[in-house]
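What follows is a set of notes on a single structure, which appears directly below.
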Amino acid sequence: MGKVTCYSLISFFMDSINQNHNKTIFNPSNSQDTLDALERRKSLLYKEIQYIDAEYDIGNLDKDDYNLTRIELVQETSDIIAKIKLILSN
């Protein structure tokens, strides 16, 4: 699989996960529902990071695409962890 095709596949995979994440029904006023949704998203982000790491390691992603994508995923994961900590501290 070529690098461009693989990058397109990763973009499709991430868009698909994001669309499914946005369809999650929860009551934002219920902190447990919010916490559960954030934990699910965090788990998906960890899987996405593992996936792009593996794709980069086998040469399916070029360095620039890998670095940009990984930075975005790690930042979103960090934001979610901060939200989880905030909920748990209340």
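Keep in mind that the numbers below use all heavy atoms, side chains included, and drop hydrogens, waters and symmetry copies.
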Spacing of L61 atom CG and D64 atom CG [to the nearest 0.5 Å]: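 Between L61 CG and D64 CG, I get 11.0 Å after rounding to 0.5 Å.
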Distance, nearest 0.5 Å, that separates CD1 of I52 from CG of L73: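 Reported to 0.5 Å precision, the distance equals 5.0 Å.
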Identified side chain to side chain contact (heavy atoms under 4.5 Å, CB included) partner of L45 from the options Q75, E72, E76, R40: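 Only one option passes, and that is E76.
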For S31, the option from D36, L88, I87 that meets side chain to side chain contact (heavy atoms under 4.5 Å, CB included):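 In the set D36, L88, I87, the residue that makes a side chain to side chain contact (heavy atoms under 4.5 Å, CB included) with S31 is I87.
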S78 (side chain) donor-acceptor with V74 (main chain) under 3.5 angstrom: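 It does not hold such a pair.
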Salt-bridge present (K83, E39; N to O < 4.0 Å):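 E39 and K83: not salt-bridged.
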R41 and L44, any side-chain heavy atoms less than 4.5 Å apart: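 In short, these two side chains touch, coming nearer than 4.5 Å.
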For D53 against Y66, the heavy-atom pair lying closest together: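 Closest approach of D53 to Y66: OD1-OH, 2.7 Å.
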Closest contact, heavy atoms only, I49 versus R70: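 Nearest pair, atom of I49 first, then R70: CG2-NH2, 3.5 Å.
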Polar contact flag, side-chain donor to acceptor under 3.5 angstrom, D62-Y56: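 Note: D62 and Y56 side chains miss the donor-acceptor criterion.
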